[in-house]
Every structure is written in C-alpha cells, then in structure tokens.
Amino acid sequence: MSITRYCAELLEAASRYHVSYGDRLANHLPMVLIALDKMGASRRQLKRAFERCIPYLERPQLPPPAPSVRIAECRNREELYPSALRYYELQIKEHDIEECLRRELPPLLPAIATAAFHPLIRTAYGIDAEHQQEIATGLAYWNLEYHTLLASREQIPVPAREIPPLLAERYPLISLAPGNISDHMFSVTQQHGWLDTPIQPEQLALEDIARVAIDAYRGTGDFTLLHGVTGCHALRLVLPYCPEPEPALRYFWTGFVAAYLSTGPKEIQVPTETGDIPSWKEIRKKARLSSDDHVVKLAYSCSREFEQYGLEDYRYAAAHAVNHIKKPRAA
C-alpha cells in the first residue's frame with residue numbers, strides 16, 4: 001500500500017461524502033489526505049485535515065444504483081451518480097486498476113478539463129495512492145461533470161510556450177460570465193472567432209505543457225493557473241494508462257489555454273528569485289501545517305514535478321505557496 005493505514009481509514013470515512021458541495025465546489029478532502037500522507041503528515045495532522053473539511057461537505061440523499069444503465073447515460077445526471085460509481089467499482093474489480101483505466105479513460109478524455117481539472121486530479125490521486133475506491137470515485141466524478149471545451153484542432157508551427165502570448169494579443173480582454181473557474185473557462189470558448197483560432201502547436205509533449213504551466217502560474221500568481229500545475233501533475237499520473245497519449249495531451253492543452261485566457265488574460269512575467277529558498281523538507285513541513293487545501297496540493301504537486309523535471313521553478317512556487325497563498329472559496 002502506498003499510503004498509511006490511517007490515511008486509508010480516513011479515506012473510507014471520507015467516501016461517505018459527495019464529490020462536490022455548495023455551488024459545484026470540489027470536495028478536496030480525499031486529495032488533501034493523500035497529499036499530506038505522502039508528504040509525511042502525522043496521524044494528528046491527517047485527523048485535523050479531516051475534521052477541518054467535514055463541516056463543509058454534503059451527504060445528499062441519492063437513489064440506489066440502477067440495475068441496468070449505460071455509463072454514458074449517467075453523464076451530467078446527479079441522480080445517476082451512484083450508478084456511475086457502482087459501474088467503475090465493478091470495472092476495477094473485474095479488470096484490475098490498469099485494465100479498467102485503459103478501457104474507461106478514453107471516453108472521458110474530451111472532458112479532461114471539466115470542473116477546473118478536479119475530476120482528473122482526484123482520479124490521479126487515487127492512482128498515486130493505489131486506492132481502488134478513490135479511482136472509481138474520480139472516474140464517476142469525471143463522468144458526472146462531463147463537459148467539453150470546443151476549440152480548433154488546427155496545428156501551427158509555433159512552440160507551445162509562444163501560444164499563450166499570441167492568444168493574449170488576439171483576445172486582450174475576455175468577457176466572462178458570472179460563476180466559478182469552470183464557467184469562466186467555458187466563456188472563453190464563446191468569444192467571437194474562437195473556433196477559428198488555432199491554439200495547438202504542431203509538437204506537444206507533456207514536458208512542454210508542464211513548463212508552460214509552471215511559468216504561467218509563477219508569472220501571474222493567479223489562482224486559476226494553480227490548477228494548471230496540479231492538473232499537469234495529474235495528467236502525468238494518468239497518461240501511462242491512456243492507450244493513445246496524444247489526445248489526452250491535446251485536450252488538456254485546450255483546457256489550459258482556456259484557463260489562461262479566463263484570467264484576463266494576465267501578462268506572464270516570471271519573477272527573478274533572490275535570496276535563499278527553503279529546502280523541500282522545510283516546504284513539506286509548512287505544507288503539513290497548512291489549513292489551505294490548495295496550498296497542500298500545490299506543494300505536493302510541485303515536489304513531485306520537481307522530482308520529474310528538476311526545475312527549481314517548482315521549489316520557488318511551493319515556497320511562495322506555503323507562505324502566502326490564501327484560499328478563495330471559489331473552486
């Protein structure tokens with residue numbers, strides 16, 4: 001088991017609560033527990049995170065799973081969420097985790113950015129924890145919030161890092177509808193001429209997306225783009241189970257571009273760091289003490305992405321997060 005027994009016990013207790021609460025806010029509790037556990041949190045710290053989150057969560061009265069319903073019919077239907085969850089639970093039991101993911105991920109990939117990447121992230125954390133119930137819940141959440149972002153598929157001979165500034169020139173002021181991050185991302189796709197605007201680079205690798213995501217977050221400090229970093233970490237965890245990785249990369253890039261434009265778009269100016277930067281040991285210690293769900297998850301994602309790519313930008317972002325970010329109740 002890749003998580004402690006106590007973390008697994010808390011995840012079982014947390015499974016009684018719905019994947020979202022309030023006005024489509026994501027239930028971060030299971031993800032926070034896994035991130036904290038993997039950063040060396042004590043039982044006391046895990047329990048504190050559990051007790052802090054529980055008052056906000058919901059346990060709606062939903063009907064039992066329907067005996068015969070196709071998984072695609074459960075999309076965007078709250079009353080069929082139990083049926084979707086049961087479906088994925090059975091798929092994992094019948095086919096094991098790896099085969100289930102290879103079978104079930106492809107139909108979900110067009111909606112990889114749905115709900116501000118949270119279903120993707122929850123699924124990935126389940127994979128990271130090797131926790132069957134969390135994987136099933138993440139997939140059911142993804143299915144429940146199945147919404148795609150329409151965009152041009154045309155590819156242009158421009159590096160990925162140059163596309164956000166080009167799009168910012170074309171759309172210097174985005175008109176957004178009221179709502180949360182997901183609503184704002186959808187609003188981007190409603191801009192005049194959007195479907196005729198090329199956004200895809202000819203060459204697109206996971207590392208390209210990761211580099212752009214961390215630069216965009218560090219260069220704006222925008223809360224929306226924090227999800228680009230944690231989402232990119234999640235994408236890396238999910239990608240090995242995608243029979244064809246290319247669609248996952250392209251759909252994620254579309255979501256990231258929409259997220260970036262939904263910030264205004266803000267100008268990306270990556271700061272030059274001066275002075276001493278805390279060690280990862282110090283960063284993880286501060287993150288374990290944080291009462292901010294997004295700080296915990298960002299610190300964990302940054303530490304894992306640093307291990308993968310060796311970019312100090314992740315340490316700068318995590319160090320800043322554990323000292324400065326305050327969580328708005330908007331996603």
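- The backbone N or O of A129 lies less than 3.5 Å from a partner atom in the side chain of S2, making a donor-acceptor pair.
- Of all the heavy atoms in I92 and A136, the pair that sits closest is CD1-N, 3.8 Å.
- Considering every non-hydrogen atom in both G126 and E134, the closest pair reads CA-CB, 3.8 Å.
- Using modelled atom types, one finds no donor on one side chain facing an acceptor on the other under 3.5 Å when comparing E307 with Y314.
- In terms of heavy-atom proximity, L261 sits nearest to I174 at O-CG1, 3.3 Å.
- For the pair P243 and P106, the tightest heavy-atom approach, listed with the atom from each and the gap, is CD-CG, 3.8 Å.
- Looking at heavy atoms from C-beta onward, P178 lies out of side-chain contact with D183 at the 4.5 angstrom threshold.
- Proximity of the aromatic rings of H233 and Y300 is defined here by a centroid distance below 6.0 angstrom, and this criterion is met.
- Residues P201 and V158 form no side-chain contact, since every pair of their non-hydrogen atoms from C-beta on lies 4.5 Å or further apart.
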Can you list the steps and then say if L105 with L139 is a side chain to side chain contact (heavy atoms under 4.5 Å, CB included)? CA-CA 8 Å; L105 279 173; L139 293 172; 4.1 Å; yes

Would H294 and F223 count as a ring-ring contact (aromatic ring centres under 6.0 Å, His included) if you check the C-alpha gap in whole Å, the side-chain angles of each, and the deciding distance to 0.1 Å? CA-CA 9 Å; H294 289 90; F223 179 69; 4.7 Å; yes

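- Residue F50 holds its CZ atom at 6.0 Å from CG of L29, rounded to the nearest 0.5 Å.
- A distance-only check finds a donor-acceptor pair linking the side chain of D37 to the backbone of T4 [under 3.5 Å].
- Atom CZ of R161 has 12 or fewer neighbouring heavy atoms from other residues, nucleotides or ligands inside a 6.0 Å radius.
- Among all heavy-atom pairs drawn from D208 and A160, the shortest one is CB-CB, 4.2 Å.
- In this structure, the side chain of Q191 engages the main chain of S187 through a donor-acceptor pair within 3.5 Å.
- Note on R48 versus E51: no salt bridge recorded, every NZ/NE/NH1/NH2 to OD/OE distance being 4.0 Å or above.
- The closest side-chain heavy-atom distance from T254 to V257 is not below 4.5 Å.
- Side-chain contact between E305 and I214 is absent, with no heavy-atom pair separated by less than 4.5 Å.
- For the pair Q133 and L11, the minimum side-chain heavy-atom distance is 4.5 Å or more.
- In this structure, a donor-acceptor pair under 3.5 Å is absent between the side chains of R153 and Q200.
- Under the 4.5 Å side-chain heavy-atom criterion for ILVMFWY residues, no single connected hydrophobic cluster contains both L90 and Y87.
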After noting the C-alpha distance and the side-chain angles of W142 and R122, does the key distance pass the side chain to side chain contact (heavy atoms under 4.5 Å, CB included) rule? CA-CA 9 Å; W142 201 333; R122 184 150 182 183; over 6 Å; no

Yes or no on side chain to side chain contact (heavy atoms under 4.5 Å, CB included) for N180 and D23, after CA distance, side-chain angles and deciding distance? CA-CA 9 Å; N180 60 19; D23 184 14; 5.7 Å; no

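- Looking at E282 and K286, no side-chain N of the basic residue comes within less than 4.0 Å of a carboxylate O on the acidic one, giving no salt bridge.
- At least one side-chain heavy atom of R236 sits under 4.5 Å from a side-chain heavy atom of R304.
- Between the side chain of Y171 and the main chain of W194, a donor-acceptor pair closer than 3.5 Å is present.
- Using modelled atom types and a 3.5 Å distance limit, the side chains of E78 and H18 yield a donor-acceptor pair.
- The hydrophobic clustering, which links ILVMFWY residues whose side-chain heavy atoms are closer than 4.5 Å, places V238 and L204 together.
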Does the side chain to side chain contact (heavy atoms under 4.5 Å, CB included) test come out yes or no for C53 and Y21, once each step is laid out? CA-CA 11 Å; C53 292; Y21 66 98; over 6 Å; no

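- Contact check for K297 versus I121: side-chain heavy atoms found under the 4.5 Å cut-off.
- By the rule that hydrophobic residues join a cluster once side-chain heavy atoms approach within less than 4.5 Å of another member, L33 and L57 end up as members of one cluster.
- Here C232 contributes atom SG and H227 contributes atom NE2; the two are 14.0 Å apart, rounded to the nearest 0.5 Å.
- Between L206 and Y309, the shortest heavy-atom distance links the atoms CG-OH, 3.5 Å.
- Atoms CH2 and OH, from W253 and Y260 in turn, are 10.5 Å apart once rounded to the nearest 0.5 Å.
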Could you give me the CA-CA distance, side-chain angles and deciding distance for F256 and F117, then say whether ring-ring contact (aromatic ring centres under 6.0 Å, His included) is met? CA-CA 9 Å; F256 175 79; F117 303 103; 7.9 Å; no

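- Heavy-atom neighbours of E73 CD from other residues, nucleotides or ligands within 6.0 Å: above the threshold of 12.
- Side chain of H320 to backbone of A317: no donor-acceptor contact under 3.5 angstrom is found.
- Here CZ of R77 is found 11.5 Å from CG of L144. Values are rounded to the nearest 0.5 Å.
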Salt bridge (charged side-chain N to carboxylate O under 4.0 Å, His left out) between D293 and R52: does it pass, once the steps are laid out? CA-CA 10 Å; D293 297 347; R52 172 176 57 80; 2.9 Å; yes

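- By the criterion of side-chain heavy atoms lying less than 4.5 angstrom apart, applied directly or through intervening Ile, Leu, Val, Met, Phe, Trp or Tyr residues, I277 is not grouped with V229; the two fall into different hydrophobic clusters.
- For CZ of F186, the number of neighbouring non-hydrogen atoms (other residues, nucleotides, ligands) closer than 6.0 Å is 12 at most.
- With hydrogens and angles disregarded, no donor-acceptor distance shorter than 3.5 Å links the side chain of D196 to the backbone of G193.
- Residue-environment remark: CD (E12) stays at or below the threshold of 12 foreign heavy atoms within 6.0 Å.
- Looking at heavy atoms from C-beta onward, T220 lies out of side-chain contact with E267 at the 4.5 angstrom threshold.
- Under a 3.5 Å cut-off, the side chain of T263 and the backbone N or O of P265 do not form any donor-acceptor pair.
- Environment of NZ in K266: crowded, with over 12 heavy atoms of neighbouring residues, nucleotides or ligands closer than 6.0 Å.
- A salt bridge does not link E145 to R75: none of the charged side-chain nitrogens sits closer than 4.0 Å to a carboxylate oxygen.
- Side-chain atoms of N76 come within 3.5 Å of backbone atoms of Y146 as a donor-acceptor pair (strictly under, hydrogens ignored).
- I34 and V19 fall into different hydrophobic clusters, defined by Ile, Leu, Val, Met, Phe, Trp and Tyr side-chain heavy atoms under 4.5 Å apart, directly or through other members.
- Proximity of a side-chain donor or acceptor of T114 to a complementary backbone N or O of A111 within less than 3.5 Å is not detected.
- In terms of modelled atom types and a separation under 3.5 Å, the side chain of Q45 and the main chain of S42 share a donor-acceptor contact.
- Other residues, nucleotides and ligands place more than 12 heavy atoms under 6.0 Å from the CD atom of E312.
- Note: R288 CZ to I283 CD1 = 12.0 Å, rounded to the nearest 0.5 Å.
- With hydrogens and angles left out, the side-chain atoms of N27 and S20 include no donor and acceptor closer than 3.5 Å.
- In this structure, OG1 in T123 is found 11.5 Å from CD in E104, a value given to the nearest 0.5 Å.
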Please assess R211 against E207 for the test salt bridge (charged side-chain N to carboxylate O under 4.0 Å, His left out), listing each intermediate value before the final yes or no. CA-CA 6 Å; R211 175 82 257 191; E207 188 169 357; over 6 Å; no

